There are 2 protein chains.
Amino acid sequence: MYFSVMKSTPLIAHFETYLPFEEVEISLIESRISRRKLKRREHLLVNGDICRHYTFVVKGVLRLYGIDPSGKEHNILFAAENDWIYDITSFHEAKPGESNIQAIEPSEVIQIAQQDLYHLYVNIPKLDRVFKVITEEKYVELQNRVFQNISSTAQQRYTYFYEKYPNLATRLPNTQIASYLGITPEFLSMIRKEMVQGKTKK
Amino acid sequence: MYFSVMKSTPLIAHFETYLPFEEVEISLIESRISRRKLKRREHLLVNGDICRHYTFVVKGVLRLYGIDPSGKEHNILFAAENDWIYDITSFHEAKPGESNIQAIEPSEVIQIAQQDLYHLYVNIPKLDRVFKVITEEKYVELQNRVFQNISSTAQQRYTYFYEKYPNLATRLPNTQIASYLGITPEFLSMIRKEMVQGKTKK
DNA sequence: TTTTACCCTTAAACTAGTTTAAGAAATAGG
DNA sequence: CCTATTTCTTAAACTAGTTTAAGGGTAAAA
């Protein structure tokens, strides 16, 4: 087994959940990606940077967050194993963005630089289809979240998050979850207390 | 000028804002679409239906909305001229969905049925690229909306909506806008009153 | 091991948004 | 042009969520 194959296997395996790839395509993809380790709290992108990479998470959890005019951070999304994270606006416009990407846990990622991705799109048109589907999947998740945000109480939103992402719900600090749900950590603490009391009362 | 060209021009023009198309490709696309008129309040899709079409708005405004457990409607998105509307979850899974699509104004749309769209993807691979980009654009909009929802007050969200979609903000009834923002029409009325007073006080 | 920084909880006072109800204004459509 | 229906507004009482502040628990790092 070649080391280069070892290195990128998780990404190829991810692509192959969508479509099969030829050996020569796999080699081309592998020649255009790079691997990187991140310490806890290390930033991959900060406000004002241009996002020049698609980032695939091999191990760990990262967050994409924005900062509001008053300086508060708000989590837009989390990405754990086998998920993608990037500031899509900054990436496509190749302009400085307003988002930040940070490792919450020590993490390991695979990155594809912009020009490499475009090179891959040209040489492996199938990848247009794959990323079309990936983006559609992420669009669905986001639309469900918008529906939650406009139709539910904080308690319902937390329950939905807890049921949909049990892994993240137990793995992440509550401060991070509160920021994602759009509530204060204090109020999340209250919600959790009420939920536990509700259960034990039975 | 052929009638068939007349008929579908707005959709082809829309595609050509992304990539150029050959005559033969245009003919193929035109052979696979259909045009439809909708009365005010007419539904294109209701809860429990399978969404079998991508719908492109030629004229008018439509809304995609969901219904919460208590029976209240919540607007997930609006689509006006040159925009797309469909229940993406139901469409891709070909399963009954929980969304509804309704014309707010008398409207005119162009539809592509699922099997026709797949036929077009196979014969015009460029369309994978086009819909990848369209979905990315819509993802960006949705992500901005999520950020608004978790980081802003209702007043800020309304201001953002008003500035970003001035056409919709003046064209739609406030009840529809309130439903989209996740607030009651009464509270939107208060916000608008305060904003006008704020302005005239100067 | 000790310290430091982070994280979680509780509670009281406050602010943002909802509900209910009733009347006024605007609009679609016969 | 008229009427029915929808839409918008106001206000008072209510509920959901925030803020501030203080204290305790826990994990990382020196």
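It should be emphasised that the depicted structure is a prediction, and the values quoted were computed from it without experimental measurement.
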> Between atom CZ in Phe187(B) and atom P in dT20(C), what is the gap in whole Å?
Replying inline: 17 Å
>> For Lys126(B) and Phe21(B): C-alpha separation, side-chain torsions, deciding distance, then whether side chain to side chain contact (heavy atoms under 4.5 Å, CB included) applies.
In response: CA-CA 9 Å; Lys126(B) 226 180 337 190; Phe21(B) 283 78; 4.2 Å; yes
> Within this structure, what is the CZ-to-C1' distance between Arg157(A) and dA16(D), rounded to whole angstrom?
Replying inline: 10 Å
>> Just to verify, which of Lys59(A), Arg171(A), Arg41(A), Lys37(A) counts as forming a salt bridge (charged side-chain N to carboxylate O under 4.0 Å, His left out) with Glu105(A)?
In response: Arg171(A)
> Tell me: NZ of Lys193(B) to P of dG17(C), nearest whole Å?
Replying inline: 16 Å
>> In this structure, how many angstroms lie between the P atom of dT15(D) and the CD atom of Glu186(B), rounded?
In response: 17 Å
>> When you measure from the side-chain N and O atoms of Asn174(A) to the phosphate of dC7(C), is any distance below 4.0 Å, counting only OP1 and OP2?
In response: no
> Quick one: on DNA chain D, does Arg41(B) or Met190(B) contact a more 5' nucleotide (nearest heavy atom)?
Replying inline: Arg41(B)
> Under 4.0 angstrom, heavy atoms only, what part of the nucleic acid is Thr184(B) near: base, sugar-phosphate, or nothing?
Replying inline: base
>> At 4.0 Å (heavy atoms only), tell me whether Lys72(A) reaches a base, stays on the sugar-phosphate, or touches nothing.
In response: sugar-phosphate
> Between Tyr18(B) and Phe131(B), is the gap from one ring center to the other below 6.0 Å?
Replying inline: no
>> Rounding to an integer number of Å, can you tell me how far Leu188(B) CG sits from dT9(D) C1'?
In response: 11 Å
> CD1 of Ile177(B) versus P of dT6(D): gap in Å, rounded?
Replying inline: 19 Å
> How long is the line joining CD of Gln156(B) and P of dT18(D), in whole Å?
Replying inline: 14 Å
>> Would Arg129(B) and Tyr121(A) count as a cation-pi pair here, with the cationic atom under 6.0 angstrom from the ring centre and within 45° of the axis?
In response: yes
> CD of Glu98(A): more than 12 outside heavy atoms within 6.0 angstrom?
Replying inline: no
>> For a quick check of understanding: with a heavy-atom distance under 4.0 Å over all strands, which category does Gln155(A) fall into, base, sugar-phosphate or nothing?
In response: nothing
> If you check every side-chain atom of Thr175(A), which of dC7(C), dT18(C), dT18(D) has the closest atom?
Replying inline: dC7(C)
> From the list dT7(D), dT9(C), dT19(C), which nucleotide is the closest neighbour of the side chain of Arg40(B)?
Replying inline: dT7(D)
>> Distance check needed: dG17(C) C1' versus Ile183(A) CD1, whole Å only.
In response: 16 Å
> Within the structure, does a side-chain N or O atom of Lys39(B) lie under 4.0 Å from either OP1 or OP2 of dG29(C)?
Replying inline: no
